[in-house]
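Remarks on the structure that follows.
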Amino acid sequence: MGPMAPTLTEQVLDHAHDAVIWLDERGLVTYWNPAAEQMFGIARDQALGHSVAELIIPERLRAAHYAGIERFLLDGTGPVLDRRVEMTALRSDGTEFAVKLTISALQQDAGWLFSAFVQDASSRVEAERERERLVRELRRALHGAERRFDAIIGALSDPVTIRDRENRLIYANAAALAYLGFDSVDELRSSSPDAILSAYRVLDEGGQEIAMSDIPSVRILAGRTAEPLLIRTINRVSGAERWNLL
């Protein structure tokens, strides 16, 4: 007796992009579509009638697979049924890769049928790993750049500060910290811009008061144009004056 003709469902699934695998309640393959052949490197006639665990599940994970089937046959429950889960699968050449799969169970006259729809997730996993690697390298590079920047700018006798988009001072070299009256950059970062500015009178060349919104760096961060500005700051407590070109 020759092989049975494929059902209409099987003919449709033969053209699916996802790997589709059917198992009986013993875990033996009863259907294996072309996408599964391509994904796992196993021809259909080599898969049919064989244990899916021995075909595509890494050896260390097979005990959990067998236990899951046994539990389902006992009480009808399974933690991975009708849920999209991610796991590690095995190709015919022994390499492991990440897959996403959804498993459903269907009661038939001959017993339970399990259907699995499998997607290759290895490219996404590799992309995430590459992204994480690049982020780590970027952090190391930035850390090194920060140290080099501080070694150069920190040695200048002129005050140098850097603001973020909320106008907070996020960096100040030693000269700027001394001028502003702070002991550390952390202390500077915890102070609001208005509180820092309120300790000084800030005047332009003509002696007119300057608001925070007039500072060139603030104007640029707000998307406005700004010209270099010569200002005079006067400490309200000590009376110390200083000219700065911003």
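Residue numbers start at 1 and run along the sequence shown. Keep in mind that the numbers below use all heavy atoms, side chains included, and drop hydrogens, waters and symmetry copies.
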| task | Please name all residues satisfying side chain to side chain donor-acceptor pair (under 3.5 Å) with E187, sequence neighbours left out, ordered by chain then number. | result | none
For [X] and [Y], work out which heavy atoms get closest and say how close.
| X | Y | value |
| --- | --- | --- |
| A35 | A16 | CB-O, 3.6 Å |
| N235 | V237 | OD1-N, 2.8 Å |
| A98 | E86 | CB-OE2, 4.4 Å |
| A36 | A19 | CA-CB, 3.6 Å |

| task | Answer yes when R91 and D120 have at least one side-chain N-carboxylate O distance shorter than 4.0 Å, and no when they do not. | result | yes
Taking atom [atom1] of [X] and atom [atom2] of [Y], what is their separation to the nearest 0.5 Å?
| X | Y | atom1 | atom2 | answer |
| --- | --- | --- | --- | --- |
| E209 | R201 | CD | CZ | 4.5 Å |
| F40 | I56 | CZ | CD1 | 4.0 Å |
| E54 | H65 | CD | NE2 | 9.5 Å |
| L106 | Q108 | CG | CD | 5.0 Å |
| F114 | L81 | CZ | CG | 7.0 Å |
| L230 | D204 | CG | CG | 9.0 Å |

Donor-acceptor pair, distance only, cut-off 3.5 Å: does the side chain of [X] make one with the backbone of [Y]?
| X | Y | answer |
| --- | --- | --- |
| Q46 | A43 | yes |
| H15 | L13 | no |
| W32 | W22 | no |
| D18 | Q119 | no |
| E96 | T88 | no |

| field | Derivation of the side-chain contact (heavy atoms from CB on, under 4.5 Å) call for Y31 and I21 | value | CA-CA 5 Å; Y31 172 75; I21 304 169; over 6 Å; no
Under 4.5 Å between side-chain heavy atoms, hopping through other hydrophobics if needed: is there a path connecting [X] to [Y]?
| X | Y | result |
| --- | --- | --- |
| Y66 | M87 | no |
| L73 | L28 | no |
| I69 | W112 | yes |
| L101 | L90 | no |
| L48 | L113 | no |

Side chain to side chain, [X] and [Y], heavy atoms closer than 4.5 Å:
| X | Y | result |
| --- | --- | --- |
| L23 | V29 | yes |
| F117 | R84 | no |
| F97 | M39 | yes |
| P34 | R44 | yes |

So for atom [atom1], which belongs to [X], do other residues, nucleotides or ligands contribute more than 12 heavy atoms lying within a distance under 6.0 Å?
| X | atom1 | value |
| --- | --- | --- |
| Q38 | CD | no |
| R71 | CZ | yes |
| Q107 | CD | yes |

| query | Side chains of D93 and T95: do they bring a donor and an acceptor to under 3.5 Å? | reply | yes
| request: Tell me yes or no: between the side chains of T30 and D24, is some donor less than 3.5 Å from an acceptor? | output: no
